[in-house]
Amino acid sequence: MMVIVMYDISEDAPRNNLIKRLRYYGLRRIQKSVFCGLLEIEERFELASEFDFYLSSDKDSIALFPICESCVDSILIEGAMALPQKEEYVFV
């Protein structure tokens with residue numbers, strides 16, 4: 001399922017660690033503080049369970065939005081941004 005993760009983290013170190021973690025899960029940056037990609041439900045829950053670790057103040061926040069397939073088809077984008085596509089593999 002497509003997910004969008006956005007964050008507002010004030011300190012560099014926890015923010016950079018979160019970015020590394022998001023990339024570990026295969027998410028890619030689509031805006032400065034916004035990542036998106038495809039995650040299975042177990043991965044979404046695992047990632048979300050780690051969010052407290054990256055929050056460095058009461059004003060910091062992280063949000064993960066799962067996007068259903070029909071909603072992904074309704075997303076409108078202008079400019080150079082592209083959302084990841086679900087890859088299908090054929091084994092021969």
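Starting from 1, each residue takes its place in the sequence as its number.
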Novice: How long is the gap from CG on N16 to CD on E11, to the nearest 0.5 Å?
Specialist: 11.5 Å
Novice: Which hydrophobic side chains are connected to I41, either touching it within the sub-4.5 Å cutoff or through other members that do?
Specialist: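 Other cluster members: F45.
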Novice: If the condition is side-chain hydrogen bond (donor to acceptor under 3.5 Å, both in side chains), which residues does E43 pass it with, not counting sequence neighbours?
Specialist: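 Scan of E43 (side-chain hydrogen bond (donor to acceptor under 3.5 Å, both in side chains), adjacent residues dropped) gives none.
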Novice: Closest approach of E46 and E50, non-hydrogen atoms and distance?
Specialist: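 Answer, listing the atom of E46 first, then E50: O-CG, 3.4 Å.
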Novice: For A63, check side chain to side chain contact (heavy atoms under 4.5 Å, CB included) against everything at least two apart and list the hits.
Specialist: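 Scan of A63 (side chain to side chain contact (heavy atoms under 4.5 Å, CB included), adjacent residues dropped) gives M6, F65.
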Novice: Which residues pass the side-chain hydrogen bond (donor to acceptor under 3.5 Å, both in side chains) test with S57, not counting sequence neighbours?
Specialist: D60
Novice: Do R44 and P66 make a side-chain contact, defined as non-hydrogen atoms from C-beta onward lying under 4.5 Å apart?
Specialist: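 A side-chain contact exists here, since the closest heavy-atom pair is under 4.5 Å.
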Novice: Tell me who clusters with F53, hydrophobic residues only, linked when side chains sit under 4.5 Å apart either directly or through other members.
Specialist: V3, V5, Y7, I9, L18, I19, L22, Y24, Y25, L27, F35, L39, L47, F51, Y54, L55, I62, L64
Novice: Would you compute the distance between atom CZ of R29 and atom SG of C36 and round it to the nearest 0.5 angstrom?
Specialist: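 Reported value, rounded in 0.5 Å steps: 12.0 Å.
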Novice: Sequence neighbours left out, what passes side-chain hydrogen bond (donor to acceptor under 3.5 Å, both in side chains) with D12? Give chain and number order.
Specialist: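 If we apply the side-chain hydrogen bond (donor to acceptor under 3.5 Å, both in side chains) test to D12, skipping adjacent residues, the hits are R15.
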Novice: How far does CD of E40 sit from CE of M1, to the nearest 0.5 angstrom?
Specialist: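 Answer rounded to 0.5 Å: 9.5 Å.
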